[in-house]
Amino acid sequence: METIISKIKKGQLNNEVIKKAGEILKSGGLVAFPTETVYGLGADALNEKAAQKIYAAKGRPSDNPLIVHITNMEALSRIVSDIPEEAYLAAEKYWPGPLTMIFRKSSIVPYGTTGGLDTVAVRMPSHETACAVIDAGGGYIAAPSANTSGRPSPTKAEHVEEDLGGRIDMIVDGGPVEIGVESTILDVSVTPPMILRPGAVTKEMLSELFGEVAVDTALFEEGSANPPKAPGMKYRHYAPKAKLCVVEGAEDEVVKEINRIASEKIQKGGRVGIIGTEETVGRYGQGVVKCIGTRQDEATVANRLYAVLREFDAENVDSILSESFSGNGIGNAVMNRLLKAAGHHVIHV
Ligand code: TXA
Ligand code: MG
């Protein structure tokens, strides 16, 4: 299949492009589009056959449910059977934005979209192009990240083309995304609400809204007895081809250890990638060194994380050594994705 690729400049919605995307979605096709978090691969969420095409294009396990994207609260009331008080509070404050909430589904949402579950994940994105595509496509668009299953999520249209070019009908290219890690997932069908995936809407922000917020304990553990509650979080994904190891500890010690391991591997003929920061990159003597952002503002690290992992794939390194991050604020989402990409391979110094 030939994939149509159409560019849209920020603040200049192109009606022809949006119209085309809407037509494809309404007739059961697949359209990738930018959101503020990562690029999504869209299909009509209420058309079971269309949603199934997403699984085929991504190579996604069929038990991994999709997020339904909407643009208004009326749409929410049609696809869920109950809207708890906490959901109104969170929606008021963080919708549209990088927050997904889990509700009990209504009968119009097919099981093919929810991976057989009686709950449905819903997100109202803030990205102008995303909203236009959702509305043009009928208002209920299932959209997982637009990567091949197992690869890092796409933060640019080029990443989508790399993974899915020739397998989907259209890519709407809106340039690089703002945030760079996927939305926070909050299950509001349980009390207290529980975070199933950390993102830009942090635990601190949600705690301020309703006091108590639980966190799925399986998220930061390796081989936890209980599988993560978001089915997608159990797969080793976000992963580059090379083996990734995270080095944790005080900054100077971390730099020393990464230099030591890198030189050992290079002497043995290895090709080593290093993930450093503005504060440290000058201190790495060998290997393929990439700056992922500044420690002063871990949102910059979130923004570059997936692109850096993909760049290392292109450089053909066989191992990657990464510094670790605070775990506070959006740093929590960064560490969750980084540890998963590393298969929880961590060295403490
Ligand atoms: O930022 C995002 O959320 C992006 C953009 C495109 O909106 N989408 C995204 O979708 O990250 P995806 O499919 O890559 O991740 C969806 C996650 C998976 O881990 C899935 O298991 C979980 O949401 N999920 C979906 N429905 C669920 C449900 N009913 N219960 C628990 N987890 C659910
Ligand atoms: Mg994904």
Side-chain angles (χ1 to χ4, degrees), residues 30-43 45 51 54-55 57-71 79-81 94-105 109-127 129-131 133-134 141-155 159-160 163-164 172 174 177-190 193-201 216 218-219 227-239 302 306 330 333 336-337 340-341:
L30 301 183
V31 177
F33 60 90
T35 81
E36 66 276 24
T37 56
V38 299
Y39 272 75
L41 175 60
I54 287 179
Y55 290 88
K58 282 180 56 96
R60 181 179 176 104
S62 62
D63 69 341
N64 192 3
L66 306 172
I67 297 174
V68 180
H69 293 64
I70 57 172
T71 63
I79 55 175
V80 307
S81 64
Y94 295 112
W95 272 3
L99 175 70
T100 294
M101 289 190 269
I102 311 280
F103 300 86
R104 303 208 55 84
K105 79 175 194 69
V109 182
Y111 282 108
T113 296
T114 66
L117 298 175
D118 288 315
T119 52
V120 60
V122 186
R123 173 155 115 80
M124 194 189 288
S126 61
H127 195 287
T129 304
C131 294
V133 170
I134 295 162
I141 300 300
S145 49
N147 50 293
T148 300
S149 206
R151 295 209 71 205
S153 293
T155 53
H159 297 158
V160 181
D163 281 14
L164 302 175
V172 178
V177 301
E178 269 169 52
I179 296 175
V181 292
E182 304 85 347
S183 61
T184 304
I185 301 181
L186 183 71
D187 188 349
V188 290
S189 74
V190 295
M194 182 185 274
I195 295 174
L196 307 189
R197 178 175 73 181
V201 175
D216 184 358
L219 283 182
K229 294 189 169 56
M233 297 302 277
K234 72 173 179 268
Y235 301 104
R236 175 177 181 256
H237 66 349
Y238 312 115
Y306 290 139
I330 195 157
N336 168 257
R337 309 305 196 276
K340 269 176 68 68

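Since the structure is predicted, the reported quantities are computational estimates derived from the model, not experimental observations. One-based numbering, in listed order, for ligands and for the atoms of each.
- Nearest to atom 12 (P) of ligand 1 by heavy atom, out of Pro144, Ala130, Ala142, is Pro144.
- Taking every heavy atom of Ser145 and a limit of under 4.0 angstrom, the matching atoms of ligand 1 come to 8 (N), 9 (C), 10 (O), 12 (P), 14 (O).
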Would you tabulate the side-chain donor-acceptor contacts of residues 117-124 under 3.5 Å, counting partners in other chains and residues two or more places apart, or write 'none'?
residue : atom : partner : partner atom : Å
Asp118  : OD1  : Tyr111  : OH           : 2.6
Arg123  : NH1  : Glu36   : OE2          : 2.9
Arg123  : NH1  : Gly97   : O            : 2.9
Arg123  : NH2  : Thr35   : OG1          : 2.9
Arg123  : NH2  : Thr37   : OG1          : 3.1

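- With a 4.0 Å heavy-atom cut-off, ligand 1 is reached by the backbone of Ala143 but not by any atom from C-beta on.
- With rounding to the nearest 0.5 angstrom, the OG1 atom of Thr114 is 11.5 Å from the CG atom of Asn64.
- For Lys229, every heavy-atom contact with ligand 1 shorter than 4.0 Å involves the backbone, none the side chain.
- The main-chain N or O of Pro198 is never found under 3.5 Å from a side-chain atom of Asn336 such that the two would form a donor-acceptor pair.
- Here Arg60 has side-chain heavy atoms under 4.0 Å from ligand 1, and that is the only part of it that gets that close.
- For Ser145, the nearest N, O or S atom to the Mg ion (ligand 2) falls under 2.8 Å.
- Within the structure, no pair that satisfies the salt bridge (charged side-chain N to carboxylate O under 4.0 Å, His left out) test touches residues 94-105, not counting sequence neighbours.
- For ligand 1, the polar-atom distance check finds an N/O of Thr119 within less than 3.5 Å of one of the ligand's N/O atoms.
- The closest non-hydrogen atom to atom 19 (O) of ligand 1, taken over Gly115, Ala200, Pro228, Gly232, comes from Gly232.
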Start with the C-alpha gap between Tyr39 and Val172, add the side-chain angles, then the distance that decides, and say whether side chain to side chain contact (heavy atoms under 4.5 Å, CB included) holds. CA-CA 9 Å; Tyr39 272 75; Val172 178; over 6 Å; no
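- Side-chain atoms of Phe33 and His127, non-hydrogen and from C-beta on, never get closer than 4.5 Å to each other.
- Residue contacts with ligand 1: Thr114 is excluded, as none of its non-hydrogen atoms falls under 4.0 Å.
- Residue contacts with ligand 1: His69 is included, with a non-hydrogen atom under 4.0 Å away.
- Contacts between Ile67 and ligand 1, counted as non-hydrogen atom pairs separated by less than 4.0 Å, involve the side chain only.
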